[in-house]
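Numbering starts at 1 and runs along the sequence shown. Please read all numbers here as calculations on a predicted model, not as lab measurements. Indexing begins at 1, ligand by ligand and atom by atom, following the structure's order.
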Amino acid sequence: MLSCFLIVTCFISCKDTRIHTAKTWKINDGWKFIQKDVPNAKEINFDDSTWTTVELPHDWSISKPFSKQNPSFSRGAWLPTGISYYRKHLDISDIGTDQKVFVHFEGAYRNAEVWFNAHYLGKRPSGYSAFEYEITKFIDRTSKNILTVKLDNSEQPGSRWYSGNGIYRDVFLKVKNSIYIPTWATYVTTPKVSKQSATLNVKSEVVNVDDKTRKLELRVSVLDTRGKEIIQDQKYIAVQGGKKYALDLDLEIKKPLLWHINDPDLYNIRLELFEKEKSVDKDSVRVGIRKMEYTVDKGFVLNDDPIKIKGVCLHHDAGPLGAAARKTSYERQIRILKEMGANAVRTAHNPFDSEFLDTCDEMGMLVMNEAFDEWEVVKKPQTFREKGNKVRIPVKYYAHLFKEWANKDLKDFILRDRNHPSIFMWSIGNEIDQMRDESGVAIAKRLMDIVHQYDNRPATCGVNGYGWGDWPHEPAVAQIDIPGYNYAKGENYDKEHRDFPNRKMIVTEHTSAQMIANRGEYYPFKSVESSLQLDLPISHTDTQKFLKNRKAYEQGMKAWIDVKNRPFVMGEFIWTGWDYLGETIPYSWPARSSSFGVVDLAGFPKDGYYYYQSQWTSSPMIHLFPHWNWQGHEGEKMHLNVFSNTQEVELFVNEVSQGRKTNDLNSTKMLTWEVVYQPGNVKVVGYNSGKMITQETLNTVGDISSLELEVTDNTEITYIEVKALDKDANFIPTANHKINFKIENAELLGVANGNNRSLEPFVASFRKLYNGKAIIILKKNNSNKPGKVIVSTDGIPEVDITF
Ligand code: GAL
C-alpha cells in the first residue's frame, strides 16, 4: 500500500466533464507474463492468451531451479535472469473526458520499458526506483486498453546480491481531474514538538492543467491515532490555468501522542480539494510526531530520549519469496528483530518497498534509508572469471548508470519516502571507492545537496578504510552530515574523535557476532579451542580465519563493545540482521544464500541473535549452545557457551554444578565452560543479586515422534513454522527429515529451512527439515473456508493446522 494514496470505493461519472471523483487503486491482479523476448508484445492486438496469468508482486526467478550455468553466479543465488514481458488489459473506458490517468510502478527489476496501447512511455533502468507515466492521451475509450512492460536483466553479473526479477512491487492506476494534487507533493514535517503541543507543517501543491482559473476549497484535516478528526483547516484558492498553487500551512496539536520506537503513534493528514462542494481530489499521508536530534555527546536523541542505535543491515529479499515480499514478511522480520532488541534497520544498499517503511512506522523501527551501493566506479570484483576460462566479463551493477540517473533516482527516493517517521537518516552510498580520492568531493556534495533540498534529516555515507593506513579522503568525508564507518575499530573512532571533536559518527556496517555460521551447525570436538561451526566448500583465501568461529563471535562482540562504550558514536549496524539470497562469500556452489545474518533465511534465530539480545534487551534471558546430542562422543571434552544478560551464570551437567561465573557484559570473550559430554541434560541458570531469575535446559533427545505446527504470522499471508519433537516433546535440533505437505484453500508461496546450501526449490510441496525446523508460507484463496496445511513425514502420524 502506498500510504500517501487514498483508495476510494466509488467512481462517479458526472455530467460536468471537469468534475469527477479522483481515484487511485492497485492493479496487481490478472497480469499476463512470459519469460522471453517478444518484441511485438507491445502491439495492441498481440495475442497473449497462452501466457501465464500472474498476480503482483511477482518475482519470476525465485521458483526456478538453481543452476551453476546461470550467469548471475553465486552473487545472484545461481538463479536465472533475462528478459521478461508483462501485459495488463485495462478497462478504463468510463474515465471522464477531462480526466488524467497515470500508471505508477513501485519497482520492477530491471530496465523497465513501458508501452500503453503501443505508445512508448519510457525506460527506468534502476529496478529499485518507483516511477510513473501519464497515459491520458493514449486512452482508447471505445475498447479495452493494454499496458505492456518489458524487463531486461540479461546483462550479468548484474548485482552484488540477489535482486529478483519481475514486477515485484505494486502497480497503481491513478485517475485525476484537471486540477489535482500530484504524486509525492504532500510533505509534512514537525518543526516544533513537545509533550504539550506540536506544530505540523503541511506543504503540498495543487496543479491546474485546465486553461481556465479554477476556484477551490482545500480542506486539511488531522486524524488522531484512533482515526478521529481532531483538526480541520481550509484555504480558499484560485489557481490560474496552467499554474500551481503551493500550500504551506502550520497546524498545532495540543498534547500530541509522540512517535517513539516503544510507542509508535501515527496521525493521518488528509487533504481534500472541493470545487462547487464536489470533491475533486484527495491525498493522505501518515505522520509520526517526534523530535529527532543528532548530537556529538549524546548521539541520537528521540523526543529528548538519547537512543543508542542498535541496528542491523538488511537486503530487500524475503528469503523463499525472493524480491516479491508481502507486508506480512516485513511484519515478521521486524517483530523478530525487535525481539532481539534491534531498534534500527539500514536498507542495504537500495530503495526498499514502501510497505517495508510503512511497517517500520507502525512497529517503531528506525530506518537508515540508503539510496546507493556505488557511484561512478564499479564495485570490486569488477570482472568475473567465466567458468574456468580466462575470459573476464565485466559486472553491470549501477556504476554505468550513475552519471545519467543518480540525481533522479535519489530525488525520487527522497520524495517518495520523506513522510515516513521511522526514517532517522538518509544514506547516499556504501563503501564508495571515490570517497578515497578527490573525485568523491563533488559527487558527495551534489548528492548531499539533493537530500537537503528535499528533506531536513541528515545523510550519511558508509565509508570504509579507516585504519588501513591511507585513510579516506577527508575533503570528501567532510561533505557528509554524519560520516558512516564501515568495519572500523575502537582506536579508529578515538582518533577521528580527537581529530574532529565536533564530528557526529555512526557505524554504518560491522561484522555480526554470527559471522558466516549456519543455524545449529556445530563441530565441537574438532578443536575444543576454536571450532563451533561448519565446514563447507569454500572459495575464499581466508578459509581458516572463518572456520575459527569462536574468534568470529568474539570479533562481533568486540565491534559492539567498541561502540557501546563510546558515547560519541551513535550506534552500529551489524552485517546482517537476516541471511539474504546471493553473496554467498566465502562459500561457493552449492551455497546460494549468505550466512552473515543472526537470523537465517527462513527467519529462525541463530546463536549470535542471543548475543545481541543479551546486550540490547533488559528482560532476563539466557541462551546455551551447542545442543546436547553427541552420540559417539561420550567422555570427550567440549565447550558449552552462554549468552545472557544476568549478572551471574551457573552451568549444571546432569544436575551437577560446573561452577558459577560472573557475566561481564563488557567482555569480548564468550562465557564458556569446558565439560565432558555425557547424555542426559545440561542446564544454565542466570542470577541477579544472587537470586535465580532465568534458566534454560537442553536434553539429549530421542527419535522423532511428532511434528509441531504453529501459525506465527497471519495477516496478508500466513507463516507456519514446523518443528520436529521427540516423544517427550523435546525439540530435536538435528532432525533433517523430509516433510511433505498438502494444502487446502490456499496457495503455496514458498518453503525454506534456513540451510544456505539447500538446492531444493523454494516453491514445492516438500522440504527437508534443517536442524529441526522449516517454514511454510501460504496465501489463503478467495473461498470463505479456512486455509489448511497437512504435514507428513515417514513413520509418524500426519498433522494439520488451519488458519
Ligand atoms: C561489506 C559490504 C556489504 C557486504 C559485506 C560482506 O563490505 O558493504 O555489502 O558485501 O561486505 O561481508
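Geometrically, ligand 1 and His349 share a nitrogen or oxygen pair separated by less than 3.5 Å. Polar contact with ligand 1: present for Asn430 (N/O pair, distance under 3.5 Å). Ligand 1 has no nitrogen or oxygen under 3.5 angstrom from a nitrogen or oxygen of Asp373. At a 3.5 angstrom cut-off on N or O pairs, Arg75 does not count as close to ligand 1.
If you look at Trp161 next to ligand 1, there are no close heavy atoms at all, none under 4.0 Å.
Taking a cutoff of 4.0 Å between a charged side-chain nitrogen and a carboxylate oxygen, Asp579 and Arg519 do not qualify as a salt bridge. Using a 4.0 Å cut-off between a side-chain N of Lys or Arg and a carboxylate O of Asp or Glu, Asp409 and Arg124 qualify as a salt bridge.
Summary of contacts: the protein heavy atom closest to atom 3 (C) of ligand 1 is Glu509 OE2, 3.2 Å. Scanning all protein heavy atoms for the shortest distance to atom 4 (C) of ligand 1 gives Glu583 OE1, 3.3 Å. With respect to atom 7 (O) of ligand 1, the closest heavy atom belonging to the protein is Glu431 OE1, 2.6 Å.
Inter-residue side-chain proximity for Asn111 and Glu155 is flagged as unmet; no heavy-atom pair is nearer than 4.5 Å.
In summary, of the residues considered (Arg446, His452, Lys445), a side-chain hydrogen bond (donor to acceptor under 3.5 Å, both in side chains) with Asp449 occurs for Lys445 alone. The one candidate from Tyr611, Tyr609, Tyr610 that meets the ring pair (Phe, Tyr, Trp, His ring centres under 6.0 Å) condition with Phe643 is Tyr611.
Note: Tyr553 and Phe625 have tilted aromatic rings, judged against thresholds of 30 and 60 degrees for the angle between ring planes.
If you look at Trp161 and His316, their ring centroids are not closer than 6.0 Å.
Close contacts of ligand 1 with Trp575, meaning ligand atoms under 4.0 Å from a residue heavy atom, involve 3 (C), 4 (C), 5 (C), 6 (C), 9 (O).
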